[in-house]
Amino acid sequence: QVRLVESGGGLVQAGDSLTLACTASGITFTNRAMGWFRQAPGREREFLCSISGNGDSTYCDDSVKDRFAISRDDADNTIALQINNLKPEDTAVYYCARSIRWVEVAEVYEYDYWGQGTQVTVSS
């Protein structure tokens, strides 16, 4: 069974830091780029960060690159998203996804498997 399961979300205060995790099972994890997205109510899914198939290269959207960082551990089939200095506008459901590519990519259509998401709520 193919699964991507996110964890680590919750209710936090502005200024806090948070690390989200995503564990993959039943799918090829190595040699595929992985990514994090988020979706706030009434908004489209938004790209955050992606990491290449071997973890040597990462790319984050300009809007978050100063506060977000992505990493992967292929031994555990996990990726993580470190978020610093959380802001109320970071409130959203956060999703991890597996890319069809090796290189890091930002477009939703470049990803074929998605997790169910984890809610992050930031209070001011």
The reported gap from OH in Y95 to CD in Q116 (rounded to nearest 0.5 angstrom) is 8.0 Å
Under 6.0 Å between ring centres, would you say that holds for F37 and W114? yes
Measure the shortest side-chain to side-chain distance between N54 and W102 over non-hydrogen atoms and say whether it is less than 4.5 angstrom. yes
Set of side chain to side chain contact (heavy atoms under 4.5 Å, CB included) partners for Y113, sequence neighbours left out: V2, L4, I27, R98
Any non-hydrogen side-chain atom of I83 less than 4.5 Å from a side-chain atom of R38? no
On a heavy-atom basis, the closest approach of F68 and C49 is CB-SG, 3.9 Å
Just verifying a value: how many Å separate M34 CE and D74 CG, rounded to the nearest 0.5 Å? 9.5 Å
Which distance, rounded to the nearest 0.5 Å, do you find between the CD of E110 and the OG of S50? 9.5 Å
Separation between CG of D90 and OG1 of T121, rounded to the nearest 0.5 Å: 11.0 Å
Hphob cluster co-occupancy, L81 + V93, side-chain heavy atoms under 4.5 angstrom: no
Pick one: which of L18, D16, L86 meets side chain to side chain contact (heavy atoms under 4.5 Å, CB included) with V122? L86
I need the minimum non-hydrogen distance between K65 and D62, along with the two atoms involved. NZ-OD1, 3.4 Å
At their closest point, which heavy atom of T91 faces which heavy atom of A40, and how far apart are they? O-CB, 3.7 Å
So, using salt bridge (charged side-chain N to carboxylate O under 4.0 Å, His left out) as the criterion, who are the partners of E104 when residues are at least two apart? none
Taking atom types as modelled, find out whether S123 and Q13 have a side-chain donor-acceptor pair closer than 3.5 angstrom. no
Identify the two heavy atoms, one from E6 and one from C96, that lie closest to each other, and give their separation to 0.1 Å. OE2-N, 2.9 Å
With a 4.5 Å heavy-atom cut-off, do S63 and E46 have their side chains touching? yes
Transitively linked via ILVMFWY side-chain contacts under 4.5 Å: Y59 with L48? no
Hey, any chance F47 and V103 share a hydrophobic cluster, counting ILVMFWY side chains that come within less than 4.5 Å of each other, even indirectly? yes
I70 and R72: CA distance, side-chain angles, deciding distance, side-chain contact (heavy atoms from CB on, under 4.5 Å) verdict: CA-CA 7 Å; I70 186 172; R72 68 187 295 160; over 6 Å; no
Please report the closest heavy-atom contact between D76 and T23, naming both atoms and the distance. O-CG2, 4.4 Å
Is any side-chain heavy atom of V105 less than 4.5 Å from a side-chain heavy atom of Y111? yes
Can you see which heavy atom on Y109 is nearest to which on I100, and at what distance? O-CD1, 4.4 Å
